[in-house]
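Report on the following structure.
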Amino acid sequence: MSVHVITRFEPMPGREAAFREELLRVNRPSRAEIGCLSIHVFESLREPLVFAVHSDWVDEAAFELHATLPHTVEFLSAAEALLSQPVQELRLRQIGGGAGTAPAPAR
């Protein structure tokens with residue numbers, strides 16, 4: 001069963017552009033990892049200093065490996081100087097939902 005990881009980042013005021021650049025830079029090599037099923041980067045619509053990553057990995061071991069790879073280590077080192085809060089991470093397994101179709105219109 002795959003493992004979903006949602007990671008929240010809060011850069012310091014005035015450092016959000018530099019953080020965004022670092023986040024987008026690490027996205028490409030992360031996406032290319034064999035154990036990465038998908039990875040998406042987000043910025044909050046309501047909280048301008050909040051960014052998030054949602055990634056899906058073949059298993060928890062694949063995510064653990066990701067955390068040790070040079071591009072991830074370098075990103076976390078660079079991010080540490082830009083963040084106002086510690087990184088927040090949730091490791092999740094899906095228990096419902098998925099692709100669906102819109103309900104048919106009422107007649």
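Everything quoted here is computed from the prediction, not taken from an experiment.
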* **Pairing residues for E16 by the side-chain contact (heavy atoms from CB on, under 4.5 Å) criterion, not counting sequence neighbours** =>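 With sequence neighbours excluded, E16 shows a side-chain contact (heavy atoms from CB on, under 4.5 Å) to P11, L49, F51, given in chain and number order.
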Note, [X] side chain near [Y] side chain (heavy atom, < 4.5 Å):
X	Y	answer
E33	W57	yes
E47	R8	yes
L92	I6	yes
V53	L23	yes
V50	F9	no
E60	R93	no
V5	E89	yes
L69	L65	yes

* Asked: Which pair of non-hydrogen atoms, one from S30 and one from T72, has the smallest distance, and what is that distance?
  ->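 Shortest heavy-atom contact: OG-OG1, 4.5 Å.
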* Asked: What closest approach, in Å, do Q94 and G97 show between heavy atoms, and which atom pair accounts for it?
  ->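 Minimum heavy-atom separation between Q94 and G97: NE2-C, 3.7 Å.
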* Judged by atom type as modelled, is there a donor-acceptor pair below 3.5 Å linking the side chain of R31 to the main-chain atoms of I39? ->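 It does hold such a pair.
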* In this structure, are over 12 heavy atoms from other groups packed under 6.0 Å from I34 atom CD1? ->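 No, because the 6.0 Å sphere around CD1 of I34 holds 12 heavy atoms or fewer from other groups.
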* Can you sort out the partners of H4 under ring pair (Phe, Tyr, Trp, His ring centres under 6.0 Å), two or more places apart, ordered by chain and number? =>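 For H4, the residues satisfying ring pair (Phe, Tyr, Trp, His ring centres under 6.0 Å) (neighbours in sequence not counted) are H54.
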* State yes or no: do L24 and V87 share one hydrophobic cluster built from I, L, V, M, F, W and Y residues joined by side-chain heavy-atom distances below 4.5 Å, directly or via other members? =>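 Result: yes, single cluster for both.
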